Amino acid sequence: MKGQVFAITLVVISGVATFIMFITTMHSLDLTRNSFYRDYNFADVFVNLKRAPESLKEKIKEVPGVNQVETRVSAYVKLDISGFPEPVTGHIISVPDDGPPLLNNLYIRKGRLADPAKDNEVVINETFAHAHGFNLGDQFAAIINGKWKKLTITGIVLSPEFVLVMRPFAMSPDFKRYGILWMSRKAVSKAYNMEGAFNDVVLTLERGAKVNDVLRELDNIVDRYGGFGAYARKDQLSHRMLNEEFNMLRNMSKIFPTIFICVAAFLLNVVMSRTINTQREQIAALKAFGYDNFAIGVHYAQLVVLIILAGLVIGIVAGIWLGGMLGGIYMEVYRFPSLAFILKPWVIVAAIVISIASALVGTLHSLWRAAKQPPAEAMRPEPPAKYQITLLEKMGIGRALSQPTRIIARNIERKPVRTLLSIIGIAVACATMISSGFFKDSVDYMVNVQFVLSQKEDMAVGFIEPTSYRALYEIKEMEGVHYAEAFRTVPVKLKFGRASYKTVINGIEPDSLLHPLLDTNLKPVVLPQEGIIINDYLGEILGVKAGDMLTVEALEGSKTIRQVPVVALVKLYLGVMGYMDMKALNRLMKEGDAVSGIYLTADSQYQEKLYRSFVNMPRVSGTIVRKNEIRNFYDVQAKGMLFFTFIATLMAGSISIGVVYNNARIALSERSRELSSLRVLGYTRGEISYILLGELAFIVLAAIPLGFLIGYALCGYIAAALQSDLFRIPLVIELKTFALAALVVLASALISGLIVRHKLDHLDLVEVLKTRE
Amino acid sequence: MIDQNKESNNQDNLVFEVRDLAKIYKMGEVEVHALRGANLELFSKELIVLLGPSGSGKSTLLNILGGLDTATSGFVSYRGRNLTAATETELTEYRRFHVGFVFQFYNLIPSLTALENVAVVTEIARDPMKPEDALALVGLTERLDHFPAQLSGGEQQRVAIARAISKNPEVMLCDEPTGALDSQTGVVVLEALERVNRELGTATAIITHNVDIAAMADRVIHLSNGRISEVAVNKVRKSPSEIQW
C-alpha cells in the first residue's frame, strides 16, 4: 500500500497547502492592510475639486458624521527623468508645512519629509524609487504648472492611500511611468497659485456615520467650487484593487482545496474498501476474539487518520512556505511597511478537521461494512465476483471483441460508480490544469483586444484642460506624426432612478481609425449621432436598458446636467464607461469643438523627439506610449502568472498521478490472480498488460474530454466570480492550453502505467495458484 | 533388435525427461529443499499420478514441468527441448502452445462466461478445438453462457479442464484437480480427465495426496522429501467411477 498512501498523501498535501496558502495570504494581507490603514490614518472619504478657499474646511468639518478633515493641493505633472526618455507622469500631493499629514500619513522607509522652507524637495513612493533606482539625494525634473523644475529626493515613503500605485483608468500599475510625489504645501500652493486655497480634501468619519449622507452633503458644499464628486473609501483605487485581490484569494481558497479534498476522500474510499476486503478474515478473527464493532471501526478510522496525517503535516508546512512566497509576490505590487505573516490557529484546525472529516466520510461506507460483518460470514472466502454481459455486447457490438477486451469492458461496467468517479477525478485534474492556462489565455486575449485591436495609436497625448480642436492640426503638423485623431473625455456621474455611478464618457471621433470601440465579438460599435452607449456591466449597475433616459451630470467645466438616451448596451472587457460620438458629447457639454487629447501614430525614429516636445508643451498633461503600456502590463503580471501556473501544474499532476496510480494499483491487486492465471495459460506480459492498462487507458481517455468540459465550466465560474468594474475576464481558452492539460494527464498516467507494468512483470505465477482468492 | 525398437519407440513417445532435478527456495533466512534430485519420464498417452504428502515436492515438480518455475539444478527436457535453459519468452510460448493446466482452485476469469473462458485459450492457440466442442467433452454443453459465479465447483473445474484441452495440448498437468471438491463431484472431474486422456491421447500428470485416485493411473509416482521414492505400475487402470473416497 506504500505507493498508494504516497499518492493519497500527495493529494492531501496539495489540498492542505493550497488552502493554507490562500487563506493565510489573505489573512496576512488583510491584517497588514488594516494595521497600516489604522496606524497611518487612512481617510474614509475623498473629494477633488477645482479650487476652494481654506475657510471651507470649517464648513466641511461641520457636516454631521465627519470626524477629521485635511485639505491638500494636488496636481498631475509631467516628469523629466534623465536617462529615461519616455513620458512619465507624477501625481503631486501636498504635505502640511507643520509636520506629517494628519490623514493618509506617510511611512518613511528612508530619509525625511520635504523641508517646508525649500520648494525643490520631494518625497517619492517606494515602487517609483525602485523602478528608477532612485536614492536619497537623487534628482529629477518636473514640469510644474508649465515651469521646468529640478527636484531633490529627500525621502522614500509608503502611503495607505497608495498601497497600489496605479494611474487612474490604467489597466495595470506602471511603476516606471507613474509616481506619487509629496511636496510641502507651501511649495505646491505657490507653484499652482493655491495659497489659502485647496483642491483636494480627505476626511475620516465618525463611528456610525452614514457614508452616503456625508457624500451627498459634501457634494452640495463643494459643488460651486468645481467639485468632481466625493467618493468613499470603497471606490478609492488602491483600496478597491486590494479588495479585488482579496476577493480573488477568497474564491481560490474555496475552489481548489475543495477539489483536492474530494479527490483525496474518493481515493481513500477506494483504497480502504479494498484493504478491508482483503482483510475480512482478520476482521472476522478479531470479532471472534471478542472485539466489538466499535473497536474494529476505530481501528480502521485510525488507519485513515494515519494516512491523512502525513499529508496534513507536510501540507501545513508547505502551505505556510507557499503563503510566504505568494505574500512576497503580492508585496512587489502592493506596498506595505512590512508583511505581517499571520497564521490563525483556526486555519490549521480547519485544515485538520476538514481533511480528516472528509476522509472519514469518504471511508464511512467501507468502515461500516467492516464493522457489521458477522464473523462467520467474514471468515468464509468471498464468493466469486458477479459479472454480466455488458450493455455494449447486448447491443451486438461485442461479437468482435477479443476475450481480453471483453474482460476490460466487463470490469469497467461492473463498477460503474468507481469508474465514473475515477474518470471525474482525472477530469478534474485536467480541468485544474486548464484553469491555470486560462488566466494567461484570457489576459493575452484581453491585451490583444484592448491594446492591439482597439488602441492602434502609438501615443495618446492628454491635455490639462479641454482644448480647442485646433490642437489636433498643430499636432498633425509635427515632424514624424503620420496620423492623428482627437478624443474627448468627460468625468461624469451617471444616474438612473436611485442608482448612480461615477465614471467618464469617452467621446470618440466617428469612424475612428485609431480607437475603434470593439464589443466582445470584436465587432466595431457604431456610435450614434445622438445618445450614449454604455457597457453591459454599467447597465447592470444602473439597471438601465436600451431606450432608457440616463441622467448625465458632468463633473467638470459647466457642470451640465442632461438627459441622454441610452442607445445600446455593449459587452466590453475593460472599465465601466459611457461612449458617445465626440461631436454629440461636445454638444451635450455645450463646449463647442473641445478635445481632451490626441491619439497619434508616428514614425518610430521620431518618437523620442515627440515625447520631448510634449514634455515641453504646457498644455500637455501627459503622454502614454502604447507599446510601453503592453510591455509593462506583462512585466507586472508575469511573476504572479508564473507562480500560479507552477502551483496549478503541481496540483494537476498530483491529482492525476494520485488517481491514476491508485486505480492502477487497486486494479492490479484485484486482478493479479486472473492476470497470473492468464500468464500461466501462456499469455505474454504484453498481453496481460493490455488488460490492466487498457482499462486505465479507457478511464484516462474518457476523462480528458470530460476534463475539457469541466475545465471550461470551471474557467467560466472563475471568470464570473472575478468580474469587477475594472475588468471582465473573457472566457478564452487556447487550444494549446487544452493540449497541455491533456499532456500533463497523459504523462502522469504514463508514469503510473509504467510503475504498474513493472510490477506486472514480476507477478509470482506460482503463488497465485496455491491460494484461493 | 526388438529391444532397440522398443527403445526408439520409447524415445519417440518420451514427453518429459527429468534428471537430478533439485529446487531450493529461500524463505527469508531459511533454505527449503523442495526437490533433491528427482528423476522421471512421462510418455505420450500415459496418465500418471504423483502421490505424496504436502511438502513432498510434487507441486514444485509439476510447476517446473509446466514452465512456471525454474530449477536450481538438474535437467528437464520436453520433446527433446531443454526446459531448464529456456528463457522467459520461450517458457511463455511453451505454456501457450503445449501445456494444458488444471488447478485446485480452477483459476477461471470471473468476468468471462464458460465459453469465453475457453475462448481465452483457443484465441491464442495454434490449432485449437472449437470452445463448444471442448465444453461438450466435459459435459457442459448446457452451461456455455454461465459466469463462474453461476457454476458449482465441479462445473468450474470442468470448465478449467475444457480450457486446458481446448488447445489440443501435448500434455495436461493437473495440480490437485479434485482438492476443492467433494468426492461425487471429484469423480465427475476425474472422468473428464480420463476421457480426454483416453480419447485424445494427451499425456496427463495428476498431482494428488488422495491415494485412492492412484488406481486410475498407468503409473503411480510416489514422492517424499523431494525425491521419488517409488514408481508403481498399474496393470489395469481403474475407471474413475469405480473409485471412491
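The shown structure was predicted, so the numbers you read here are calculated from the model rather than taken from an experiment. Quick note on labels: first sequence line is chain A, next is B, and so on, each numbered from 1. For the numbers below, each heavy atom of this structure counts, side chains included, while hydrogens, waters and symmetry mates do not.
Of the residues considered (L108(B), V120(B), V121(B), T60(B)), V120(B) shows the highest number of contacts with chain A, using heavy-atom pairs under 4.5 Å. Contact tally against chain A (heavy-atom pairs below 4.5 Å) for F101(B), F97(B), Y94(B): the top residue is F101(B).
Residues L112(B) and R410(A) meet the side-chain proximity criterion, which asks for heavy atoms closer than 4.5 Å. Within the 4.5 Å cutoff, side-chain heavy atoms of L765(A) are placed close to those of R95(B). Side-chain atoms of Y387(A) and T113(B), non-hydrogen and from C-beta on, never get closer than 4.5 Å to each other.
Of the atoms belonging to I124(B), it is side-chain heavy atoms, and not backbone ones, that fall under 4.5 Å from chain A. Both the backbone and the side chain of E116(B) come within contact range of chain A, judged by heavy atoms closer than 4.5 Å. Neither the backbone nor the side chain of R414(A) comes within contact range of chain B, judged by heavy atoms closer than 4.5 Å. Using a 4.5 Å cut-off between heavy atoms, Q150(B) makes no contact with chain A at all.
The two residues L681(A) and K167(B) come nearest to each other via the heavy atoms O-NZ, 3.7 Å. Nearest heavy atom pair, residue R673(A) against residue N107(B), reads NH2-OD1, 3.5 Å. The heavy-atom pair separating G682(A) from T92(B) by the smallest distance is O-CG2, 3.5 Å. Among all heavy-atom pairs drawn from S402(A) and E123(B), the shortest one is CA-OE2, 3.6 Å.
For the atom pair N117(B) CG and E674(A) CD, the distance stands at 9.5 Å (nearest 0.5 Å). With rounding to the nearest 0.5 angstrom, the OG atom of S677(A) is 13.5 Å from the OH atom of Y106(B). Separation of atoms OG (S111(B)) and CZ (R671(A)) is listed at 7.5 Å; rounding is to 0.5 Å.
The local environment of CD in Q184(B) is sparse, with at most 12 non-hydrogen atoms from other residues, nucleotides or ligands closer than 6.0 Å.
Taking 4.5 Å as the heavy-atom cut-off, none of the residues of residues 130-146 of chain B approach chain A.
Under the 4.0 Å criterion applied to side-chain N and carboxylate O atoms, E687(A) and R96(B) are assigned as salt-bridge partners.
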